[in-house]
Each structure stands twice: as structure tokens, then as C-alpha cells.
Amino acid sequence: MSVATIDPTARVADGAELGEDVVIGPWCQVGSRVRLGEGTRLDSMVKIDGWTEIGARCHFHHGAVVGTPPQDLKFRGGEARVTIGTDSVFREYSTVNRATGEGEETRIGSHCLIMSYAHVAHNCQLGDHVILANSVNLAGHVEVHEYAIIGGVTPVHQFVKVGAHSIIGGGSRVPMDVAPYVKAAGTPLRVFGLNRIGLERRGFSPEVREALRQVYRIFFRSHLLRDDALAKIRRELPPSPEIDAFIHFVERSERGISR
């Protein structure tokens, strides 16, 4: 059994739980309610605080800060959490705030890449394999679904949902939901077709990609109202998990879909 390696200058509070082979580098701070999974690494000057649980083999680069109180005037303290899956990477000076309400959580999945200076605000929910490029700023309660990519220097408005396998170009502004499987960019944000390269790289079959191309054509290019477009998709295309996921995402949108 390998024990944690802790630099003499680091400060690990009593009560923190450290898995096997954890490495805590110079001048790091780990709070008393933190749990670090096996093989997780904190490089230097990393701060992990609050009710924060981190899975195995995550890597926090210099200056990353996780689990600090939310930037929310409604916050009154209490057990609000951050939960992070396995094998995720947090680059220099990225920040993750814990949730606002008692018993709530900010959640980040596994195999995510949070690049330098990116910010994940309170109550955000990120799926697996999400990439936030440099200086992406997620406001509170944002959802980013699995395999979505958000380009650098992009702010995302509160309560926005970013669909699975979508990609948003850098320097955009995201005030409305972004549907699954699409490319979007600009200010104001516009949709520019399917994320064809991403879908191909992730093993979507030609038949599924063609079905999603027809979904895109009906929903984004037919000039139908939302409900009429969804009805046409249901009527003309055979059901599939991918089409069902698209329809479900659109139906639960509260801020509206970027079109």
C-alpha cells in the first residue's frame, strides 16, 4: 500500500481523506472535509476546500482552486458540495465553486479537461469528456453535457444547457441553449451545421450521422416553429437513441434553443 506524498510546505487539515498514491506539491492547501481519490495529483499552490470529493487520478496544475464558496449573494453557508469524477485535468488557475444551497452540489464528470483560467460556477453540472478551453466562464446552474467542447474566452449565461457532442467556437457569447450534435459560434450565437468531424471521431455510424443531418435540416432549416419541427421529426424519421436525445433536450429547454 502506497501512502500519500505531501510536500513539507503543504497544509493538509485534520480530517482530509487521501487515497493511495496521492501527491500534494509545494504550498498546496487541502481542507478538512476534502476527499482525494487514489493517484490524484496537486502540483503547487493548489487550494481544495469545502465539502469536495475528487475521484481517482485527477490532476490539478499550479494555482487551481476548487471547492471555495460560490460567488452568489444568496449563499448562507452550509454543506454545499463539489463532486468530481475520475481522470479529469484542471490547468493553471482554473476555479470551481461549490453549490449555493444546503445539500446541493457542483458536479464535474470524468475525463474532463478544464483549461487555464476557466471558471465553473456554483451548481454547474458537467458530464464526462467535457472540454472547457482557456478562460471559459460558466455562470451558475449551467449544464454541459458529455463530450461538449466550449472554445476559449466564451461566457455562458446562467441556466444555459449545452448539448452532448456539440462544439462552440472561441470568443462566442452563449445566452441560450445549444442543441446536441451541432456547431455554434459568434456574437450573437449562430448554429452552423452538425459537428460532423466530432461525431465521426466518436464512432457514430454513417446511418446515425445521416439521420442527425435530417434532424438538423428539419429543426434548423425548415423555418417551422419548435413544436411543429419536433412533430415533423417524429413523423418522418424512425426513432433512435440519438434522435430521442435531441427531442428530449429541446423539450426541456427553458431559455430557448440557439437557431
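Heavy atoms only: backbone and side chains are in, while hydrogens, waters and symmetry mates are out. Index from 1, following the sequence.
Between Phe90 and His59, every side-chain heavy-atom pair lies at or beyond the 4.5 Å cut-off. Arg252 places a side-chain heavy atom less than 4.5 Å from the side chain of Glu143. Side-chain contact check for Leu132 versus Leu138: some heavy-atom pair is nearer than 4.5 Å. Residues Val156 and Ile150 have side chains in contact (heavy-atom distance under 4.5 Å, counting atoms from C-beta outward). For the pair Leu42/Val30, a side-chain contact is recorded, criterion being any heavy-atom separation below 4.5 Å from C-beta on. By the 4.5 Å heavy-atom criterion applied to side chains, Arg209 and Leu199 are counted as neighbours. Counting heavy atoms from C-beta on, the side chains of Asn134 and Val153 never come closer than 4.5 Å. Put simply, the side chain of His119 does not reach to within 4.5 Å of the side chain of Ser94, judged on heavy atoms.
Hydrophobic clustering (ILVMFWY, side-chain heavy atoms < 4.5 Å, transitive): Met45 and Val66 are in distinct clusters. Cluster membership for Val215 and Leu224, using ILVMFWY side-chain heavy atoms within less than 4.5 angstrom, is not shared. Val23 and Leu36 fall into different hydrophobic clusters, defined by Ile, Leu, Val, Met, Phe, Trp and Tyr side-chain heavy atoms under 4.5 Å apart, directly or through other members. Val65 and Ile54 fall into different hydrophobic clusters, where Ile, Leu, Val, Met, Phe, Trp and Tyr side chains are chained together by heavy-atom contacts under 4.5 Å. Linking ILVMFWY residues whenever their side-chain heavy atoms come closer than 4.5 Å, directly or via other members, places Val12 and Val82 in the same cluster.
Membership of the apolar cluster around Tyr117 extends to Tyr93, as traced through chained side-chain contacts below 4.5 Å between ILVMFWY residues. In the hydrophobic clustering, Met115 connects to Val89, Leu113, Ile131, Ile149, Ile167, either directly or through intervening members, whenever side-chain heavy atoms lie under 4.5 Å apart.
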Would Glu53 and Thr83 count as a side chain to side chain donor-acceptor pair (under 3.5 Å) here? Give the steps.
CA-CA 5 Å; Glu53 182 171 351; Thr83 303; 5.4 Å; no
Full working for salt bridge (charged side-chain N to carboxylate O under 4.0 Å, His left out) between Glu251 and Arg234
CA-CA 13 Å; Glu251 288 179 333; Arg234 287 192 173 101; 2.6 Å; yes
Does Arg202 form a side chain to side chain donor-acceptor pair (under 3.5 Å) with Tyr147? I'd like the steps, not just the answer.
CA-CA 9 Å; Arg202 289 166 202 144; Tyr147 286 99; over 6 Å; no
Please report the C-alpha distance between Ile24 and Asp7 in whole Å, then the side-chain angles of each, then the deciding distance to 0.1 Å, and finally whether the side-chain contact (heavy atoms from CB on, under 4.5 Å) criterion is met.
CA-CA 6 Å; Ile24 300 177; Asp7 188 271; over 6 Å; no
Audit row: Asn123, Thr106, side chain to side chain donor-acceptor pair (under 3.5 Å) steps and yes/no
CA-CA 4 Å; Asn123 297 85; Thr106 302; 5.3 Å; no
Applying side-chain contact (heavy atoms from CB on, under 4.5 Å), run through Thr68 and Thr95 and close with a yes or a no.
CA-CA 9 Å; Thr68 47; Thr95 55; over 6 Å; no
Give the intermediate values and the outcome of side-chain contact (heavy atoms from CB on, under 4.5 Å) for residues Arg81 and Glu104.
CA-CA 6 Å; Arg81 309 183 63 85; Glu104 298 175 351; over 6 Å; no
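Judged as a ring-ring contact (aromatic ring centres under 6.0 Å, His included), not a single pair has a partner in residues 4-57 (not counting sequence neighbours). Listed by first and then second residue, the ring-ring contact (aromatic ring centres under 6.0 Å, His included) pairs involving residues 182-204 are His165-Phe204 (not counting sequence neighbours). Pairs passing the ring-ring contact (aromatic ring centres under 6.0 Å, His included) check and including a residue from residues 229-259, sequence neighbours excluded, read His145-Phe249, Phe219-Phe246.
Under the side-chain hydrogen bond (donor to acceptor under 3.5 Å, both in side chains) test applied with Ser44, the options His62, Glu92, His61 reduce to a single match, His62. Applying the side-chain hydrogen bond (donor to acceptor under 3.5 Å, both in side chains) test between Thr100 and each of His122, Arg76, Gln71 identifies His122 as the sole match.
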Exercise answer: donor-acceptor pairs, residues 168-183 side-chain atoms, under 3.5 Å, sequence neighbours excluded:
| unit_1 | atom_1 | unit_2 | atom_2 | d |
| --- | --- | --- | --- | --- |
| Ser172 | OG | Gly169 | O | 2.7 |
| Ser172 | OG | Gly186 | N | 2.9 |
| Asp177 | OD1 | Lys161 | N | 2.8 |
| Asp177 | OD2 | Ser253 | OG | 2.6 |
| Tyr181 | OH | Glu242 | O | 3.4 |

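Atoms CG and OG, on Asp14 and Ser32 in that order, are 8.5 Å from each other to the nearest 0.5 Å. How far NE2 of His223 is from CG of Asp228: 14.0 Å, rounded to the nearest 0.5 Å. Annotation: the span from Asn137 atom CG to His157 atom NE2 amounts to 13.5 Å, rounded to 0.5 Å. Between the CG atom in Leu230 and the CD1 atom in Ile218 there is a gap of 10.0 Å [rounded to 0.5 Å]. To the nearest 0.5 Å, atom CD1 of residue Ile114 and atom CG of residue Leu126 are 5.5 Å apart. Atom CG of Asp87 is separated from atom OG of Ser110 by 6.5 Å, given to the nearest 0.5 angstrom.
Closest approach of Glu102 to Glu79, counting heavy atoms only: OE1-N, 3.1 Å. In this structure, Arg91 and Ser116 approach most closely via the heavy-atom pair CB-N, 3.5 Å. Heavy-atom minimum distance, Gly31 versus Ala13: C-CB, 3.8 Å.
Around the CZ atom of Arg196, the shell of radius 6.0 Å holds no more than 12 heavy atoms that belong to other residues, nucleotides or ligands. Atom CZ of Arg201 is surrounded by 12 or fewer heavy atoms from other residues, nucleotides or ligands within 6.0 Å.
Residues passing the side chain to side chain donor-acceptor pair (under 3.5 Å) test with Ser222, sequence neighbours excluded: none. Looking at residues two or more places apart in sequence or on another chain, you find a salt bridge (Lys or Arg N to Asp or Glu O under 4.0 Å) between Asp49 and Lys47. Not counting sequence neighbours, Arg235 has no partner by the salt bridge (Lys or Arg N to Asp or Glu O under 4.0 Å) test. The side chain to side chain donor-acceptor pair (under 3.5 Å) test applied to Asp244 returns no partner, not counting sequence neighbours. Glu254 pairs by the side chain to side chain donor-acceptor pair (under 3.5 Å) definition with nothing, not counting sequence neighbours. Looking at residues two or more places apart in sequence or on another chain, you find a salt bridge (Lys or Arg N to Asp or Glu O under 4.0 Å) between Arg41 and Asp43.
In this structure, the side chain of Gln158 does not engage the main chain of Ala139 through any donor-acceptor pair within 3.5 Å. Distance alone, capped at 3.5 Å, is enough to place a donor-acceptor pair between the Thr154 side chain and the Gly152 backbone. Here the side chain of Thr52 pairs no donor or acceptor atom with the backbone of Val34 at under 3.5 angstrom.
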